[in-house]
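Have a look at the structure below before the remarks.
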Amino acid sequence: MKQDDFIPYGRQSIDEEDIRAVVSVLKSDWLTQGPAVEQFEKEFAAYCGARHAVAVSSGTAALHLAAIAAGFAQGDQVITTPITFVATANSIVYTGAEPVFVDVEPETACIDAGLIRQNISGSTRGIIPVHFAGQPCDMETIYSIANENDLVIIEDAAHAMGAEYRVKRRWYRVGACAHSDMTIFSLHPVKHIAAGEGGVITTNRESLAEQLRMLRSHGITRDVSRMSSNHGPWWYEMQSLGYNYRLTDIQSALAKSQLKKLDNFVTRRRKIARMYDEAFSQEPMIAPLVQKPGTRSSFHIYVLLCRRLDRKEFFQRLRTRDIGVNVHYIPIYQQPYYRRRYSVLPDNFPCSESYYNNAITIPLYPSMSDMQVKKVIDIVLSAVRDMVS
Ligand SMILES: *Cc1c(COP(=O)(O)O)cnc(C)c1O
């Protein structure tokens, strides 16, 4: 078999045990709405240290349902970051609320918590911070702002499964919802664990978990204690407008099997990030994102910032040499839909603009061999040298 030389920016790691887990569901009575979903949810909640986990069909579905459960609606404003995947802001728009973008910290590309207060209006109802690249945001500050202003916090932790942060000498795992109402994750193959497609919401609030479970299945309940009437054993009630956002048992079995490997995946991601940090520390033309004290990133991606180096040319040189570089992300307010609908001015986001103009994501995934890491390092450094000479 010909070995493909192209090294993508991210990819899943599936082993025989994962395959057996999926096959055993295929041979069982349940392909969906069976026991594997709940088993995965229990184990995921335990991993995060949250009371509840609700599995859904994608990270985007998780964001959408969390935004509904948060009560966001027409006329509301919700604060988020422009440096994220479009799904984060879209989830706000789905509810009829308006996303209000707040600029990022130049050194981490996470939302600048110090700029949130000045963006709060009488209509602000919530904050969706994104733990960018896997590094947790300043949750202590965000939490206190939310408490002062009675705002709901939904952490978008699609990048940050397994990450931790410190508040007052104590470490918290992302997903424990120690400083938020809900946290969402994605089970897309480029993220930390794969289900094909999939997402999870964690929360410590029983009422939110119940609401999320109903919303993922058309807003229907079969729980007799919650019904307004009961015509007989066939009776169920649709109590709110929900969706079919269920995760299948096939996907849940894969996610549950993958979860066992999460700690090893995160350890390997951190190791590769350290190899990159070390290799690039002597090269002044490029700099990695800064890891702040009190954070332990789980490194969904590894971003380099170009310093006086043309990013587009750098990008092309690396792609030509089979390094699957990428750019995460185009600021959301630059997307045509958002430009038309909200006409946000890029001038208000100097750090997001500068980040976007200089950022490049290089390959990082657990099954990368040391040889592949070295190859990326060599090609990155030689491309820099070629460009400056
Ligand atoms: C991947 C991602 C999502 C969406 O997750 P899907 O499972 O692809 O729907 C949301 N937010 C961020 C920051 C992401 O990276």
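In listed order, ligands and their atoms are each counted from 1.
- Between H192 and H300, the two ring planes are tilted [angle within 30° to 60°].
- Those atoms of ligand 1 with a heavy atom of L63 less than 4.0 angstrom away are 10 (C).
- In terms of protein heavy atoms, atom 8 (O) of ligand 1 is closest to S186 OG, 4.0 Å.
- From the protein, the heavy atom lying nearest to atom 11 (N) of ligand 1 is D156 OD2, 2.8 Å.
- Environment of CD1 in I330: sparse, with no more than 12 heavy atoms of neighbouring residues, nucleotides or ligands closer than 6.0 Å.
- A pairwise comparison of heavy atoms in V130 and T81 identifies CG2-CG2, 3.5 Å as the closest pair.
- Using a 30° and 60° split on the angle between ring planes, F44 and F40 fall in the tilted class, from 30° to 60°.
- Listed by number with element, the atoms of ligand 1 under 4.0 Å from a non-hydrogen atom of G198 are 7 (O).
- Counted within 6.0 Å of CZ on R51, heavy atoms from surrounding residues, nucleotides or ligands total 12 or fewer; the atom is thus considered open.
- For atom 14 (C) of ligand 1, the nearest non-hydrogen atom of the protein is K191 NZ, 3.1 Å.
- Using a 4.0 Å heavy-atom cutoff, F185 is absent from the residues neighbouring ligand 1.
- Among the atoms of E197, none of the N or O lies under 3.5 angstrom from an N or O of ligand 1.
- Applying side-chain contact (heavy atoms from CB on, under 4.5 Å) to V376 and the options I362, I272, V325 leaves one that passes, I362.
- For the side-chain hydrogen bond (donor to acceptor under 3.5 Å, both in side chains) criterion with E313, the lone passing option out of Q316, R317, R311 is R317.
- Polar contact with ligand 1: absent for H188 (N/O pair, distance under 3.5 Å).
- No more than 12 heavy atoms of other residues, nucleotides or ligands shown are found within 6.0 angstrom of CG on D150.
- Heavy atoms of Y329 found under 4.0 angstrom from ligand 1 belong exclusively to the side chain.
- Residue contacts with ligand 1 for H159 involve side-chain atoms from C-beta outward but no N, CA, C or O (heavy atoms, distance under 4.0 Å).
- A salt bridge links D370 to R268: one of the charged nitrogens lies within less than 4.0 Å of a carboxylate oxygen.
- For A62, the closest heavy-atom approach to ligand 1 does not fall below 4.0 Å.
- Across all non-hydrogen atoms, the minimal contact from R213 to E41 is NH2-OE1, 3.5 Å.
- Close contacts of ligand 1 with T88, meaning ligand atoms under 4.0 Å from a residue heavy atom, involve 11 (N).
- Residue T84 places no N or O, backbone or side chain, under 3.5 Å from any N or O of ligand 1.
- Considering both main-chain and side-chain atoms, G59 comes within under 3.5 Å of ligand 1 through a nitrogen or oxygen pair.
- The nearest heavy-atom contact from the protein to atom 9 (O) of ligand 1 is T60 OG1, 2.5 Å.
- Here V190 has no heavy atoms under 4.0 Å from ligand 1, in either its backbone or its side chain.
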